[in-house]
Q: 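Got a structure for you, questions after.
Keep in mind that this is a model prediction, so the values were computed, not measured.
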Amino acid sequence: MEIVTTICYAALALSGLLCVLRLVRGPSLADRVLAVDTLLIAGVAGVAVESARTGSGVYLDVLLVVALVAFIGTTAVARFIERRGAQ
Amino acid sequence: MSLADMASAFLLLGGSAFILLATAGIWRFDDVYSRIHAATKATTLGVLLVIAAALLRVETMADSLKLCLAAILQLISAPVTGHMLGRAAYWAGTELTPFTVIDQLRSADIEH
Amino acid sequence: PCHTSRSQGTCRPASVVEPPAVIVLLACHLAAALLLPWLARRLGKGVFWCGALAPAATVVWGAWHGRSILAGNPVVEVLSWAPEIGFDLRVLVDGFALVMIALVSGIGVLIFAYSYWYFREGPEIGRFAALLVAFSGAMLGVVVADNLIALFLFWELTSITSYLLIGFEDRSPVARAAALRALLITTAGGLAMLAGFVLLGEGAGTYTLSELIAAAPRSFAAELALLLVRFGAFAKSAQVPVHFRLPGAMAAPTPVSAYLHSATMVKAGIYVVARLAPAFADVGFWRPLVIGVGLATMLIGGWRALAQRDLKLLLAHGTVSQLGTLMVLFGAGVPAATLAGAAWILAHGAFKAALFLVTGIVDHQAGTRDLAKLNGLYRQLRACFIVAALSAASMAGLPPLAGFVAKEAAFGAFAGAPWGAWEWLLPLLIAAGSVLTFAYSARFLWGAFAPKDPRDLDTAAAVSEAAAPARGFLAPAALLAVFSVAMGLAPALWSDLVVAAARSLDARAPAEPLALWHGFTPALALSLAAIAGGLVLWRFRRRVAIFQRLHRFPVDGARLHDRAVNEFMHLADVLTGFLQTGSLPMYLVVILSIAIVGPGIVLAKLIHAHPEVLLVDRPMQLAVALLMIVAAILTTRATRRMAAVVSSYLVGYGIAFMFIIQGAPDLALTQLLVESMALVLFVLILRHLPALFRTHGAATWKTTRVLLSVAVGVFMATAAMVAVAARTHAPVSQAYLEQSVPEGHGHNVVNVILVDFRAFDTFGEILVLTVAVLGVIGLIRSAQRDRGRANRPKTSRRHYRPSPILNGAVRILFHTLLLVSIVLLAVGHDHPGGGFIGGLVAGSAFTLVFLAGGTPRARRAEPASPELYLGSGIMLAGLTGAAGWLGGDEFLKALFFSTELPVFGTVEISSVLFFDLGVYLVVVGLVTALLRSAGREETVVS
Amino acid sequence: MNFVIPAMIVLPVVAAGFSIAIWRRVRIQQVLGVAVLGGSVAGSLALIFAAAQAGPLVVHIGGWRAPVGITLVADLFSSLLLSISLITVLAVFLFAIGQPRYDKSAYYFHPLYLLLTAGVTASFLTGDLFNLYVAFEVMLSASYVLLTLGGRRDQVRSGMSYVIINLAASTLLVTTIALIYAATGSVNMAHVAVRLQDLAPGIRDLFGVMLFITFGIKAAIFPLFFWLPDSYPTAPVTVTAVFAGLLTKVGVYSIIRTQTLLFPGDQVTTAVVLFAAGATMIAGVLGAIAQDDMKRILSFHIVSQIGYMLFGLGLYTVGGVAAGIFYMIHHIPVKTTLFLVSGLIETMTGTAALRSLGGLIRRAPVSAIAFLVAGLSLAGTPPLSGFFGKLLLVQAGFASGAWTVTAVSLGVGLLTLFSMTKIWAGIFWGEAQEEPPFESARGTGPLRAPGLMNAATIGLAGVTVAIGILAQPIWRLCEHAARELLDPRAAYIAAVLGQ
Amino acid sequence: MRRRAAAFGWLLFVWIALTGSLSVLNVALGVAISIGLLLFFRPAPPATTGRFHPWYAARFLFYFTVKFLKANVEVALAVIQPERVRRKRAIIAVPMVGATETTTTLLADAVSLTPGTFILEMRRDPATMYVHILALNDLREARLEILELERRILLGFGPPGSVERCEELMTQVATEPQK
Amino acid sequence: MILSLVVVVGVLFGAGTYLVLHRTLTRVALGMGLWTYAVNLLLIVAGGHAGLPPLVNGGVPISAYADPLPQAMILTAIVITFAMTAFLLALAYRSWTHTGNDEAEDDIEDRRIAAMARERPAEVPQAEEEL
Ligand code: NA
Ligand code: NA
């Protein structure tokens, strides 16, 4: 199990790296937000992996909240983009 | 290692792989709309798989429910996120890739 | 050792008079000062008579106790004020004080009487009378105080009241400037004096003047102190080089000039020197300084008087000269000179006040006091002329008047002083001063009353007619002139007083009575020589005036003073302009530089302390750390507002994940939720602001910024390492982990800390939240309020189109999220969650509704007003805390109830839940308020 | 006292909560506010008597004994400052109630004011470093909001500087607390004081200097004061008045508290403090002389007088510290009175610019008297409170041989007087140099302000007279307080940790 | 009302599951809180509700799951070989029934989660959605595919008559001349 | 002591400082945010090594848990900073309604005095008569 989760973490870290690259590159605000959103989803996955690893439910609230927060954040910025134009 | 654990491990690997794939799409696709495709589908699947893996491992009812809620939330939010972002980008004038063959929204908007 | 009569008083503290009459008299002055402005509304000019009551009472008191005091039994009174600071209202009235009281209160009464005639009715009479009586009281205090601090108190009060009196005619810039000059100079001197007093007092261990004089301490500190005290005295008594302040003070109404600037206040410095000289004249360079300054003042004042056209200025310069003489006489510390000084000070008070009063009458009746315009008024103003002639003669030192008697005493005072040539040089120099005095006395009399040669006359504006003044108007001056005559003709009248005064200052003073005729002595010769010299000078008066006009002294003190003040103000401008740039980034650069340079110096010495260093203790830390670093740098490099926000948002998520890794689920939850609320808020605000950051500032500025940032970063990281390495004890949080379950009834230690162990922090924190929200609402409301008025900038107003998809999603999630938030609140004590997190989740639900449907939809979703949430949240938290008192325990003591209910079974409830509920309500109020105010213009078009 | 000490924080808070909930009902808020503040004043006076008799009073919040829980400590030092602060707060509140124009933007004024008071009270009473940070934040956040409540352009501009600089200072504060926790594992001040003794002296110095600078920003010492004169004058006058009296003094309080309790007798900081004291006095007074607006002049004087308070600490003798405390007690009501006078003048004429005013001695004698008393007290004229403050400092300074700073303090006194005369001559004497902006400033008839405003101002001016008259008993208390401060092991630490 | 009852049931379930206690007190509390929430907070005006057919709903769920997995494989392939989708991006207008909010949301979710499509915009009068397509092979087929998805949703969740309208639309699209 | 955390603390402080030293309130608010992250991380560092979440159950030794006190303090700091950020943003908005931007302008009165300092003081006029 440890090996599996380590591989998972590595994959998620790589995902994170790709997201960061997109964040740096842009070019539009929508791209950046998409990158952050995806990064957060990767985070959700990471927390889920941790829960699967330990079988503990301590971080499940976090899992729920990260997903919620990603949703709110992205929607909010989407509204901003819609109002203010491409950046 | 129990069967549940085996399944769990399998789901974990699959889920992570999909997420990696999705982010690769975000990096590789050529316009924001295409990237949204990658972000709203592959990641959702990936997360669902990982959550399923966790479901196999957690013990209490509350924990399972929390995982389910998270899955539902993800299922509901991912498409909405994609829609909201895509729509915003579109109305904000974010360029479509030149390989876009048809844009019926533009023509409808002009008619309007 | 109580060998002086003065210190006899202090050696018998039991002889305190009951009731403390002098202190009561002082209080009467104060009371009068407070009452007169109100009385003036009814009585008009009559208040001057009321004002006169206070000094009159003092005179009566003095007359009553005079015999006893003169017999060597001073009156001592003490009103304890702050003895541990060395400050008591300690009063000692001895012979010299009695002389001063005669001047202060005696002339004071006359001045009030004179003022009644001098002023026209007007709304400001009350203020003037009040100030005058306040001054009178302050001056009385100066001369009776036997405590250094009390003396300083009254001293400063005379400065302040004189400032207000000189500037009484406040519309005149000249008066204002003169008032300021007088104040600055006397206060500067006063502060020097205070420093001196403190040094003396601390050195001698007593602030009682008489004890100090008796002890006469000798030390470097004492010498320094005496120097400082003399500065104060010189400044007050208009000695060189600040003699210019006295003529300037003539801008005041004439009663003020007569009272403050001839009879009383300017003698305060003389008074202090007179008190100290007998004990300290041998110390250091006391005599050279005091005598040198006094002589210079005497000669310069007298010389300048000869060139004045304004009668008041003439008298003022004359006063300067006389003050110089007094300084010499009292400051020499020679017993006979002290006696002569006591005589001179009384004589001067009588003639100079009279002359001022006459000048005021002339001015009042003729409309000018320019001697080049007054022509032959002796006919119309005959009585005035007589009074002036007698007084001027006394001033000139003509027999048989008081001035002559005093001068005789002075000329003989230095005989036998063991100072070599000075023994005869000093009388000669004083005689030279008398030559000048004679000349300007003549000039005054001539200038005010004589018919003039056209060469001396400003023919165009000449005044040859004036109505005779009312009898009452002249009476005070006349009375003073009578004194001058009487004191000259019958020295025995005041001889006892003068002798007692001198002996109270210096027990060695001769008991020799004053006399008009001493026989043919060197003093008489000097007197005659002075008169002769004066006549010669008067003969050449035009040449003297022309000479003075052509050869002005290159330095004009007043001008120099004003320039110094201006230069100083310019310096203040320059320094302030340099320091106070008004630029926020500049301020921050300074503040942050100080904040790291200061501690940085200390830190540099500590770097050797190496803690055991690990790169990471969980591998994911590295990944998250890298993410955070990249995102942080992206934030700094962003050129667009929103891009910067999104990058920093990522840093926030990074730290949330770091919290997870570190084992802090509550923190991670809070961080995530707060971060998303902040993002929403940024979106709501930034939709108005320009997309791009404006770039400005030079490259050097950017370099500064980068360098300082690097320095701050390095400092903080280093400080962190050093501090962690310094840890010597286990943290107190061990106790939290141990007591959380048994004592705090909760498994989630962080939550137990928040709502129980350290609930008081949380209590403060919700206050901060509430306050900030009120601020947000207030600011945005204020913007809305002046939307109609101001031409506020326009932004692109693309309206939000609702999305049915988002709406649908929100409808599904909304209630569930609210329920989850309540669950988080309820289980927070044992699991991750609690009031904050619960409230934020509920807030997220409202935020979603808002994002889907704008403000109207959000309002619909959540009917109560934010203020209600916020207010009731605070109250609930506060009252739950107060419930701790109900249990007879401390504030915020958690209470647990556990009961058996029929259907429900065991019900356990803790007051901390209500506390947490208060927190929850505040957070909900926060979110709804932010959405309502910041999201206000989010209108929906469908 | 278990009740009184926390109640002085909690009651204003609960009243504020109620006021927020009924935010439109202004009259109720006013009555409630007066009642609560009056009660607090009474409570604080009771604290002085209790603390003078029994030594530092300690309340363990929630029943958790130090160092586990948060403790509130009322020793003589904090009780004295608390009393005078609350008296001032009450006077300003009455002044605010008396103001004629009721502005709708001030809906939240009363609760914010009460919360500000609660923050100040908590800052004086808390015995916990982190809780001190929280209390500061309550006080400061209320001050941010009160400063910008009107939303005027100059308020927003100055509000930005004020808020940002204070936030920077708060960040430094919490950073320092984090470092102290890292080194000692505690945040209870008494406990930290004990544990700091086990650390190397160097690291103590590090914390000492950091805390001094942090609180120095809040206290507006040289060269960290720039924000103050730019921001204070723009606020509504009641706000400026209460800021002027209180906020920086809380900074000074914290400097004195932390330096004496946590870093007793550290040479480094003492030298730094003395230097900062002198420089602060001079920089502040020079700034004041350069100004042309009453409120700005007064604001610079705040800075200058912070120097006096630090001077007392820098001497680090019982006499010096006690003199510093006395000076603080004097300064709070006096500075507030002066700002209230400027408020009266602004209320009556619409401006406080010297160029636009003149001759008010004839038109507004009450303001003139109040200004004269307070201004002279500020300049140190006997027998007003400021004189005793100055005298005590000079005595202590000479006793310690601190010649230079003592001389500076005397010279600055003269300059203070000079700048008071500038206001006096500019507003109460003479005629306006410039056409005043408002009609009311132009006439010649008497100007009237509402009675309550006048009464509050005169009442507070009376406090400076009273402090002068009661110099002896107040000095005794200050000396007692200073003795406790300089021997924390015997007093403060023993009371908190119960040894 | 039915909808409310369902919501209440769901909330009570969540409460009990999350608090993990079946005690009388806890259930009573859950009931009270759930009712309170539903009564006090109403985020949107009541919407029209459809009829729920469990059988068709289950069928839809299966259909959708398959499509969802396929979609992901396709996106995965596209990521690996972007050339596969390069020249085929499109935004197409698809007519829709949009019977209730629930069906619309479900449709949007479904469309967004299935092969290479997501909804860019949605309009009423006439109800149309604009769908971004990653790889458009045939316009008519693409439209029909989405309409088929809606039909299956309407079967499971739609009000009476909506399925028929959807089928009408499908014929209309199928017979419309290709551009 | 975890080096990676300390480095992040330093970087965040540095980046925060860089942003705070701007006139634009948006940047300043973000900089303040970075500072707070830095402080929070610093508190974590002050608390020592990572550990179990402090949800105590019997059976686990106390030393295994993460230090809860810094966590509670961080929570407070997070919330306070959020409140302040909200207020700063409102201030930015209000500034925009006045000036069209959210930049901190220089103080007018200070600039006036600095300008005055560049001029020479006015000459004192010669007194009329020798006053
Ligand atoms: Na402050
Ligand atoms: Na003026």
Q: Given a strict heavy-atom distance threshold of 4.5 Å, which part of F/Glu109 is in contact with chain C: side chain, backbone, both, or neither?
A: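 When you check distances to chain C, no heavy atom of F/Glu109 falls under 4.5 Å.
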
Q: Which bit of C/Thr636 is near chain F, if near means a heavy-atom gap under 4.5 Å: side chain, backbone, both or neither?
A: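 Contact with chain F: backbone and side chain both.
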
Q: Quick check on C/Leu681 against chain F: is it the side chain, the backbone, both or neither that has a heavy atom closer than 4.5 Å?
A: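 For C/Leu681, backbone and side chain are both near chain F.
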
Q: Given heavy-atom pairs under 4.5 angstrom as the criterion, report whether the side chain, backbone, both or neither of C/Leu588 touches chain F.
A: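 Its backbone and side chain both get close to chain F.
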
Q: Name the option with the most non-hydrogen atom pairs under 4.5 Å to chain C; the candidates are F/Ala50, F/Ser95, F/Ala83.
A: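 Option with the top pair count is F/Ala50.
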
Q: Is C/Ala711 in contact with chain F via its backbone, its side chain, both, or neither, using a 4.5 Å heavy-atom distance?
A: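 No part of it gets close to chain F.
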
Q: Verify, without hydrogens or angle tests, whether C/Arg641 (side chain) and C/Pro690 (backbone) share a donor-acceptor contact under 3.5 angstrom.
A: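 Flag set: sc C/Arg641 to bb C/Pro690 pair under 3.5 Å.
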
Q: If we define contacts as heavy-atom pairs under 4.5 Å, which of C/Pro731, C/Ala772, C/Ala177 has the most with chain F?
A: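 Most pairs with chain F among the choices: C/Ala772.
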
Q: What part of C/Glu675 gets within 4.5 angstrom of chain F, counting heavy atoms only: side chain, backbone, both, or neither?
A: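 The side chain, not the backbone.
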
Q: If we define contacts as heavy-atom pairs under 4.5 Å, which of C/Thr635, C/Asp761, C/Val710 has the most with chain F?
A: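 Maximum pair count with chain F is reached by C/Thr635.
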
Q: Are C/Asp666 and C/Asn751 close enough that a side-chain donor and a side-chain acceptor fall under 3.5 Å?
A: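 Their side chains do not contain a donor-acceptor pair, so the 3.5 Å distance test is not met.
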
Q: Identify which part of C/Val645 has an atom lying under 4.5 Å from any heavy atom of chain F, answering side chain, backbone, both or neither.
A: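 Contact with chain F is through both the backbone and side chain of C/Val645.
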
Q: Do you know which two heavy atoms are closest between C/Phe693 and C/Ala644, and how far apart they sit?
A: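 Minimum heavy-atom contact is CE1-CB, 3.9 Å.
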
Q: So, C/His317 side chain and C/Arg304 main chain: donor-acceptor pair closer than 3.5 Å or not?
A: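 Not confirmed, C/His317 side chain does not pair with C/Arg304 backbone.
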
Q: Among the options F/Ala46, F/Ala86, F/Ser63, F/Ala66, pick out the one with the most heavy-atom pairs lying under 4.5 Å from chain C.
A: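 Ranked by heavy-atom pairs under 4.5 Å with chain C, first place is F/Ala86.
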
Q: With only heavy atoms counted, which part of C/Leu840 is less than 4.5 Å from chain F, the side chain, the backbone, both or neither?
A: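 Neither part, no heavy atoms under 4.5 Å.
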
Q: Using a 4.5 angstrom heavy-atom cutoff, name the option from C/Leu626, C/Val651, C/Ile777, C/Val565 with the most pairs to chain F.
A: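 Ranked by heavy-atom pairs under 4.5 Å with chain F, first place is C/Val651.
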
Q: Just wondering, do F/Leu55 and C/His831 contact through their side chains at under 4.5 Å, heavy atoms?
A: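 A side-chain contact is absent here, since even the closest heavy-atom pair is not under 4.5 Å.
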
Q: Would you say F/Asn101 and F/Trp96 make side-chain contact, with heavy atoms under 4.5 Å?
A: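 Not touching, per the 4.5 Å side-chain cut-off.
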
Q: Of all the heavy-atom pairs spanning C/Ala251 and C/Ala178, show the shortest one and how long it is.
A: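 That would be CB-CB, 4.4 Å.
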
Q: So if I take each residue of residues 31-38 of chain F and look for any heavy atom under 4.5 Å from a heavy atom in chain C, which residues do I end up with?
A: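 F/Leu34, F/Trp35, F/Tyr37 fall under the 4.5 Å cut-off.
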
Q: Can you give me the closest heavy-atom contact between C/Pro247 and C/Phe244, atom names plus distance?
A: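 For C/Pro247 versus C/Phe244, the nearest heavy atoms are CD-O, 3.3 Å.
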
Q: Taking atom types as modelled, find out whether C/Glu765 and F/Thr76 have a side-chain donor-acceptor pair closer than 3.5 angstrom.
A: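 On atom types as modelled, these side chains qualify, holding a pair under 3.5 Å.
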
Q: Could you pull out all residues at least two apart from F/Asp107 that satisfy side chain to side chain donor-acceptor pair (under 3.5 Å)?
A: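 F/Asp107 satisfies side chain to side chain donor-acceptor pair (under 3.5 Å) with D/Arg296 only.
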
Q: Does any N or O in the side chain of F/Gln71 come within less than 3.5 Å of the main-chain N or O of C/Gly663, such that one atom is a donor and the other an acceptor?
A: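 Side chain of F/Gln71 to backbone of C/Gly663: a pair is present.
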
Q: Got a sec, which pairs hit salt bridge (Lys or Arg N to Asp or Glu O under 4.0 Å) with one end in residues 84-98 of chain F, sequence neighbours left out?
A: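 Passing the test, one end in residues 84-98 of chain F: C/Asp786-F/Arg94.
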
Q: What part of C/Met586 gets closer than 4.5 Å to chain F, counting heavy atoms only: side chain, backbone, both or neither?
A: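 Interface part for C/Met586: neither.
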
Q: The criterion is side chain to side chain donor-acceptor pair (under 3.5 Å); which residues satisfy it with F/Asp67, sequence neighbours excluded?
A: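 Side chain to side chain donor-acceptor pair (under 3.5 Å) list for F/Asp67, sorted by chain: C/Ser733, D/Tyr181.
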
Q: With side chain to side chain donor-acceptor pair (under 3.5 Å) as the test, would you mind laying out the steps for F/Thr17 and C/Arg705 before giving the verdict?
A: CA-CA 8 Å; F/Thr17 307; C/Arg705 207 147 48 195; over 6 Å; no

Q: Given heavy-atom pairs under 4.5 angstrom as the criterion, report whether the side chain, backbone, both or neither of C/Leu592 touches chain F.
A: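 Side chain only.
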
Q: Grab the two heavy atoms, one from F/Ala117 and one from C/His570, that are nearest each other, plus how far apart they are.
A: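 Minimum heavy-atom contact is O-CE1, 3.1 Å.
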
Q: Please classify the contact between C/Phe682 and chain F as side chain, backbone, both or neither, with a heavy-atom cut-off of under 4.5 Å.
A: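 Both backbone and side chain of C/Phe682 come within 4.5 Å of chain F.
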
Q: Side chain, backbone, both or neither: which part of F/Arg27 has a heavy atom under 4.5 Å from chain C?
A: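 Both backbone and side chain of F/Arg27 come within 4.5 Å of chain C.
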
Q: Give the member of F/Leu30, F/Leu19, F/Val6, F/Val11 that has the highest number of heavy-atom pairs under 4.5 Å with chain C.
A: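 Greatest number of close heavy-atom pairs with chain C: F/Leu30.
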
Q: In terms of heavy-atom pairs under 4.5 Å with chain C, which of F/Val8, F/Leu69, F/Leu89, F/Ile78 leads?
A: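 Counting heavy-atom pairs under 4.5 Å, the top option is F/Leu89.
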
Q: So what's closer than 4.5 Å to chain F heavy atoms on C/Asp830: side chain, backbone, both or neither?
A: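 Answer is backbone: N, CA, C or O of C/Asp830 sit under 4.5 Å from chain F.
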
Q: Heavy-atom cut-off 4.5 Å, strictly under: side chain, backbone, both or neither for C/Leu930 against chain F?
A: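 Contact with chain F involves the side chain of C/Leu930 alone.
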
Q: Would you mind telling me which of F/Val9, F/Val28, F/Leu41 has the largest number of heavy-atom pairs within less than 4.5 Å of chain C?
A: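 Highest number of heavy-atom pairs under 4.5 Å: F/Leu41.
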
Q: Looking at chain C, which one of F/Gly10, F/Ala114, F/Ala115 has the largest number of heavy-atom pairs inside 4.5 Å, strictly under?
A: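 Among the listed options, the one with the most contacts to chain C is F/Gly10.
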
Q: Could you check whether any side-chain heavy atom of C/Leu779 comes within less than 4.5 Å of a side-chain heavy atom of F/Tyr93, counting everything from C-beta outward?
A: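 Not touching, per the 4.5 Å side-chain cut-off.
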
Q: Does any backbone or side-chain atom of C/Phe836 lie under 4.5 Å from a heavy atom of chain F? Answer side chain, backbone, both or neither.
A: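 For C/Phe836, the side chain is the part near chain F, not the backbone.
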
Q: Is any side-chain heavy atom of F/Asn57 closer than 4.5 Å to a side-chain heavy atom of C/His747?
A: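 Of all side-chain heavy-atom pairs linking C/His747 with F/Asn57, at least one is under 4.5 Å.
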
Q: Which atoms of F/Leu91 come close to chain C, meaning under 4.5 Å heavy atom to heavy atom: side chain ones, backbone ones, both, or neither?
A: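 When you check distances to chain C, atoms from both the backbone and side chain of F/Leu91 fall under 4.5 Å.
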
Q: So C/Val750 and F/Leu75, do their side chains get closer than 4.5 Å, heavy atoms only?
A: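 They are in contact (side-chain heavy atoms under 4.5 Å apart), so the answer is yes.
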
Q: Flag the one option from C/Ile660, C/Thr581, C/Leu584, C/Thr670 with the top tally of heavy-atom pairs under 4.5 Å to chain F.
A: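 Heavy-atom pair counts peak at C/Thr670.
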
Q: What are the two closest non-hydrogen atoms of F/Arg23 and C/Pro585, and how far apart are they?
A: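 It is CG-CG, 3.7 Å.
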
Q: Need one label for F/Leu12: side chain, backbone, both or neither, based on atoms under 4.5 Å from any heavy atom in chain C.
A: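 For F/Leu12, the side chain is the part near chain C, not the backbone.
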
Q: So which part of C/Ala723 gets closer than 4.5 Å to some heavy atom of chain F, the side chain, the backbone, both or neither?
A: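 For C/Ala723, neither part sits under 4.5 Å from chain F.
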
Q: Between C/Gly746, C/Ala720, C/Ala664, who has the most heavy-atom pairs with chain F when the cutoff is under 4.5 Å?
A: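 Among C/Gly746, C/Ala720, C/Ala664, the one with the most close pairs to chain F is C/Ala664.
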
Q: I need the minimum non-hydrogen distance between F/Gly47 and F/Pro70, along with the two atoms involved.
A: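 Looks like CA-CG, 3.8 Å.
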
Q: Can you see whether F/Asp102 engages F/Thr26 through a side-chain donor-acceptor pair at a distance of less than 3.5 angstrom?
A: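 Yes - a donor-acceptor pair under 3.5 Å links their side chains.
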
Q: For the interface with chain F, which of C/Val574, C/Val768, C/Leu737, C/Leu774 has the highest count of heavy-atom pairs at distances below 4.5 Å?
A: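 Maximum pair count with chain F is reached by C/Leu737.
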
